[in-house]
Number of protein chains: 2
Amino acid sequence: MTYSSAAIKAFSALGDPTRREIFERLALGPTAVGELAANLPITRPAVSQHLRVLKEAQLVTETSKGTRHLYRLDPRGIGAMREWLDGHWARALTAFKDFADAEFEAENKSQKENEK
Amino acid sequence: MTYSSAAIKAFSALGDPTRREIFERLALGPTAVGELAANLPITRPAVSQHLRVLKEAQLVTETSKGTRHLYRLDPRGIGAMREWLDGHWARALTAFKDFADAEFEAENKSQKENEK
DNA sequence: CTGATGAGTAAGTCATGGCTAACGGTTAGT
DNA sequence: ACTAACCGTTAGCCATGACTTACTCATCAG
């Protein structure tokens, strides 16, 4: 469970719609802070604050190129979320399938009862 | 992109720590509302509200068994999130790898410069 | 060295949403 | 029918956090 704490922060970070928007913009390629703010309905400091949260969640990384700070996706946060989801995925699927089958059987049974 | 809207709701829903806690409890098996509330530091109505959000995000389903309402994991929400993440996973990995390689090359180069 | 550009920080405002208390609705048991 | 158990909903309070304005820092051009 070394990834769980990273996954927790990542989910909290991507819970905000604006951060998801920023995240998807960065998925198109590395972008500077000002360029992100120019295409968003919020000011540059707000973008900076969101980027800090995303950075702490290991969802993005930052590299300074002169005065421009470039941000790009960080695979670590995404990977942690994927592992967390995969941990529940198989279980949820089989459990749901069993449940659905049981429901179907129950319906069949009551149907037969009615036909008697 | 039929799954994106479902994924958006799912991320917003799991952005809350309490809802993640409830979600993980349900991963251990179907549970009633009162039983969940008994093991959480919040009241039952609060649990009900969280369950409603999780339900709207297709992360859980509800079945009434008499007066007891059983909640269990719904694979649809989890699946939507997995697809959303996978859409960025490969790109982020390769982009990050290319970036890391370029950084390594640059370091090698400056190292050689110094050795001259 | 100065001015300009790009970005992070601090303080303060304000709205979103999580929580509780009180109430209303069903279902099972007697 | 009456009571108890289980749950959902509403109204309202309050804390978290998202946003802006103003300031400060670092870097590049002249």
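Naming convention: chains lettered A, B, ... in sequence-line order (proteins, then strands); numbering from 1 in each chain. Keep in mind that what you see is a predicted model, and the values were worked out from it rather than measured.
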To the nearest 0.5 Å, atom CG of Leu36(B) lies from atom NE2 of His69(B) at 13.5 Å

Value rounded to 0.5 Å, distance of CD in Glu21(B) from CD1 in Ile42(B):
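So the CD of Glu21(B) and the CD1 of Ile42(B) are separated by 9.5 Å.
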
Quick one: does any side-chain atom of Arg19(A) pair with a main-chain N or O of Ala13(A) as donor and acceptor, under 3.5 Å? yes

Practice prompt. Output yes when a side-chain donor or acceptor of Thr31(A) lies under 3.5 Å from a complementary backbone atom of Gly29(A), and no otherwise.
Written response: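 The answer is yes, because a donor-acceptor pair under 3.5 Å joins these two groups.
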
- Message: Can you pull out the residues from residues 17-33 of chain B that lie within a 4.0 Å heavy-atom distance of DNA chain D?
- Response: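 Contacting residues: Ala32(B), Val33(B).
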
message: I want to check something: taking the side chain as every heavy atom from C-beta on, are His50(B) and Phe23(B) in contact at a cut-off of under 4.5 Å?
response: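 His50(B) does not reach Phe23(B) side chain to side chain.
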
Assert: residue with more 5' nearest nucleotide on DNA chain C, out of Val53(B) and Leu70(A), is Leu70(A)

Can you hop from [X] to [Y] via hydrophobic side chains spaced under 4.5 Å?
X: Val47(A); Y: Leu70(A); result: no
X: Phe11(A); Y: Trp89(A); result: yes
X: Leu51(A); Y: Leu40(A); result: yes

Open item on the list: Please list all pairs meeting side-chain hydrogen bond (donor to acceptor under 3.5 Å, both in side chains) that have one or both residues in residues 32-43 of chain B, counting only residues at least two apart or in different chains.
Closed with: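 Qualifying pairs, neighbours excluded: none.
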
Fill in: 5' to 3' contact window, DNA chain C with chain B (heavy-atom distance under 4.0 Å)
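Going 5' to 3' along DNA chain C, contacts run dG18(C) to dA28(C).
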
Rounded off to whole Å, could you give me the [atom1]-to-[atom2] distance for the [X] and [N] pair?
X: Arg68(B); N: dA5(D); atom1: CZ; atom2: P; result: 14 Å
X: Arg52(A); N: dA18(D); atom1: CZ; atom2: P; result: 11 Å
X: Leu54(A); N: dA18(D); atom1: CG; atom2: P; result: 11 Å
X: Asp16(A); N: dG17(D); atom1: CG; atom2: P; result: 11 Å

key: Side-chain N,O (His50(A)) to OP1/OP2 (dG17(D)) below 4.0 Å   =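 Negative; the distance criterion is not met.
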
Tyr71(B) side chain N/O closer than 4.0 Å to the phosphate oxygens (OP1, OP2) of dC6(D)?
->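 So the side chain of Tyr71(B) is outside the cut-off, no N or O lying under 4.0 Å from OP1 or OP2 of dC6(D).
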
With sequence neighbours left out, the residues meeting side-chain hydrogen bond (donor to acceptor under 3.5 Å, both in side chains) with Asp74(A) are Arg76(A)

Sorted by chain and residue number, the side-chain hydrogen bond (donor to acceptor under 3.5 Å, both in side chains) partners of Ser12(A) (sequence neighbours excluded) come out as Arg20(B)

Nucleotide by nucleotide, nucleotides 21-30 of chain D touches protein heavy atoms under 4.0 Å in the pattern (B base, S sugar-phosphate only, - none) BB----BS--

